[in-house]
Protein chains: 4
Amino acid sequence: MPKISEQQWQERRQQILEAAWRCFFRNGVQATTIDDIIGESGMSASAMYRYFNGKDDIIRTAIASSLTGLGAALGPLLTGAEPQPPAGWMGEMLKGIERFCARRDFNLMPLGIHGWSEAQRDEEVRNVLRGYYLQFRAQIVARVEAWQRAGLASAEVPAIDVAETLMSTLLGYIVQATIMRDLGPESHARGLAGLMTASGADPR
Amino acid sequence: MPKISEQQWQERRQQILEAAWRCFFRNGVQATTIDDIIGESGMSASAMYRYFNGKDDIIRTAIASSLTGLGAALGPLLTGAEPQPPAGWMGEMLKGIERFCARRDFNLMPLGIHGWSEAQRDEEVRNVLRGYYLQFRAQIVARVEAWQRAGLASAEVPAIDVAETLMSTLLGYIVQATIMRDLGPESHARGLAGLMTASGADPR
Amino acid sequence: MPKISEQQWQERRQQILEAAWRCFFRNGVQATTIDDIIGESGMSASAMYRYFNGKDDIIRTAIASSLTGLGAALGPLLTGAEPQPPAGWMGEMLKGIERFCARRDFNLMPLGIHGWSEAQRDEEVRNVLRGYYLQFRAQIVARVEAWQRAGLASAEVPAIDVAETLMSTLLGYIVQATIMRDLGPESHARGLAGLMTASGADPR
Amino acid sequence: MPKISEQQWQERRQQILEAAWRCFFRNGVQATTIDDIIGESGMSASAMYRYFNGKDDIIRTAIASSLTGLGAALGPLLTGAEPQPPAGWMGEMLKGIERFCARRDFNLMPLGIHGWSEAQRDEEVRNVLRGYYLQFRAQIVARVEAWQRAGLASAEVPAIDVAETLMSTLLGYIVQATIMRDLGPESHARGLAGLMTASGADPR
DNA sequence: GATGAATGAGTCTTCATTCAT
DNA sequence: AATGAATGAAGACTCATTCAT
């Protein structure tokens, strides 16, 4: 066979990554064997090793790749110019996450959870996640500052604190969505509104 | 009739569970071998099998046991009568979680993450977590209703929605605390206050 | 099973080492698989791993162990007080080596060759061999000095040079014995005598 | 009809053999993979299979080829007419071997050792080595007979015995040179002289 | 004719669990 | 009752060789 084209090479990698996602979705990251992925991808063991250096390489790439995709999917909501207020923004963000994670035969949310778990024991994975999340959070900070200028968030509180809080709410949604499986994006939009429109002030 | 007393039996189990916690903290759940736990606990392999049915049994018990402890630790804050407002409550809850999770030679937060991951592939673990979290959330609902009566949360919004949102914020805090490791309980207390004291309304 | 006794443990190790020797004798060191050794030893794979850390551990121990045995077998000839002259000594040394290497169902000479080969790519093996051989050579130096005092070797030449030369002759014998397989200890005894009893001097 | 000329074909083979030598020198024979050689030679996998039948073919040819070269390099010393006495001859032989084995980026001595090792498990390799060495030894016999006529070796001892002994010394030198790495050709020239010029006789 | 991607048998090693003592 | 040695199935990964392009 002649040398494979760059495009074919990328397609092969993607094929393997998707197989890995399906396996991780079903069994978790650690419990997935390389043979599971090989079987799911329809390739031979050694063919796969031409495209990835090993299990860890697949895990890291699968996690990083899903985060890249998520970042691209949520970009407009994070950097867009329209001054949507917090509660609505929260609903849109979660809808965007749900939409991005739902795939034909698997869902990326559990993979996200597995990624957090993996990050606890693989410093490299943690650094990848950390990098993406910090970037993500920085974008939320910008959004919060816009809200502060518009009077939709208190200017007395550092924007970073608000951003961290909203980030937690987004991340925690994923936990409840995968463990309880009884809530949707609207719930948090309403919930956040319910906190923000309290009649009595809450000066902590 | 058992040779050892019920109390001794429980102590043995606790001894093994703490060994498991330390191992899980260091290596994650799946990467921890039963031999790791045996070595850490100072018992013999077969002795351990008298107290637990196997690895899965240990995992499930370790996770359930930590949740029981956490529930007991946070109980007063959840069911107590004092009408602490949302932002302050958030700070106290997170402080309580941090305090409960910090142990001499390990931290239970990563174990929580591993538990979520485990729940994705072990329905039994998921049910255990789900049960605890639902109970937990129900207690938050009661708290939100108290806030609604006190005008600290909008009565127009179902209390369950607000409770779900706050629950997400609590859970997401754990993610950021274990991945970014750059935030503390106060941050979320301030952040929540920043959202609640916005001058402009946010009618979703 | 209760804890195995030190003696039983050593016997197990010896059992594995002898299996390894047989395999190495037949197939060489690198071409021998750990499964070959396991099969030959009659143990299970995992049982074997209780006694050795892996293939390299077996290789190194097999080589070191055979050298220790050889050193013990040749000790008397090297350190004994009787002033046997060079040619006779050469014959006795080679007979001792032959006797030590001949086992019931294998021969250690090829293992020696494999050890030299292994030493070229495993620095640790090389250091082990080097240590034994230096010690060995030092003993020959002492012997040569005795000969020099008795007039059986020229005192004009450093004893170390003579020792190195004799050491080469001993080592080279092993090469010819395993490649050509057409010579015996007596041959070298005679050959050395033939060189030493030349009528004409040889002042290089 | 072949597309490439006989000369080109030989050049290609030589190119591969030199790549193999470098790999064998670095990693030993068995530990060298065919991919190592392919990478080192700069050819493609299948191109290489046009010039050699497989790994064993390369090994055998690499060993045989180095021996052919060595024979050519030492020929003058072995068959030349000059009546150099034993000790000097020994020094010259070893110098010739050292000179032949030292290459720009590798040394053939370790390959020689690997060849001996390989011969223990590949009868065909053994036969190749054996053939070369027997021829080599026959030439030494002729040399010894010349010494006997010149009184430089005892005529009472069969020339073959002396030749075997000298051959061992030459071969053993290679062992010490690659394992201890602390000796040079002169050492053996002196050592042999030290044995031959003893004042006392050594009638075995 | 030449390429290099693909193969599948094989390599070393580890694991949860059991059972002889 | 308790030990810890033993197991066999499975784990990740590699290799010499082939063959579709």
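Numbered from 1 within each chain, the chains take letters A, B, ... in sequence-line order.
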Among F:dT17, E:dT14, E:dT13, the one nearest C:S46 by side-chain distance: E:dT14
Validation row: B:L108, B:F25 side chains within 4.5 angstrom (heavy atoms): no
When you get a sec, tell me which of E:dG4, F:dT17, F:dA12 is the closest nucleotide to the side chain of D:K55? F:dT17
Taking the minimum atom-to-atom distance to the side chain of B:A45, which one of F:dT7, E:dT14, E:dT18 wins? E:dT18
Taking only the side-chain nitrogens and oxygens of A:Y51, find out if one of them lies under 4.0 Å from OP1 or OP2 of E:dA6. yes
Among F:dG8, F:dT17, F:dA12, which is the nearest nucleotide to the side chain of D:D35? F:dT17
For A:D36 and F:dG11, give me the distance from atom CG to atom P, rounded to whole Å. 7 Å
Rounded to the nearest Å, what distance is computed from the CD1 atom of residue A:I16 to the C1' atom of nucleotide E:dA6? 12 Å
Which comes earlier along DNA chain E counting from the 5' end, the contact point of A:G42 or that of C:N53, where each point is its nearest nucleotide? A:G42
Protein-nucleotide distance (A:I37, atom CD1; F:dA12, atom P), rounded to Å: 8 Å
Of the options F:dA6, E:dA6, E:dT17, whose atoms approach the side-chain atoms of C:A47 most closely? F:dA6
Could you check whether any side-chain N or O of B:Q15 sits under 3.5 Å from a backbone N or O of B:S41, counting only pairs where one atom can act as donor and the other as acceptor? yes
Rounded to whole angstrom units, what separation is found between the CD atom of B:Q30 and the P atom of F:dA12? 12 Å
Among the nucleotides E:dT3, F:dT18, E:dA16, whichever has the atom closest to the side chain of B:T33 is E:dA16
Go nucleotide by nucleotide along DNA chain E from the 5' end; which of C:Y49 and B:G54 gets its closest nucleotide reached first? C:Y49
Please give, in whole Å, the distance from F:dT7 P to C:M48 CE? 12 Å
So which nucleotide does F:dA20 pair with, by the Watson-Crick or G-U wobble rule with both distances under 3.5 Å? E:dT3
The nucleotide from E:dT17, F:dA6, E:dT13 with an atom nearest the side chain of C:I34 is E:dT13
Separation of atom CH2 in B:W9 from atom P in F:dA2, rounded to whole Å: 14 Å
Please state how far atom CD1 in C:I38 lies from atom C1' in E:dG10, giving the value in whole angstrom units. 14 Å
Indicate yes or no for a side-chain donor-acceptor contact from A:Q10 to the backbone of A:E6 under 3.5 Å, with no hydrogens or angles considered. no
Whole Å only: how far is the CZ atom of B:F52 from the P atom of E:dT17? 13 Å
Name the orientation class of the two ring planes belonging to B:W21 and B:F106 (parallel below 30°, tilted from 30 to 60°, perpendicular beyond 60°). tilted
So, is D:R50 close to the E:dT3 phosphate, meaning a side-chain N or O under 4.0 Å from OP1 or OP2? no
Can you tell me how far CD of C:Q14 sits from OG of C:S65, rounded to the nearest 0.5 angstrom? 5.5 Å
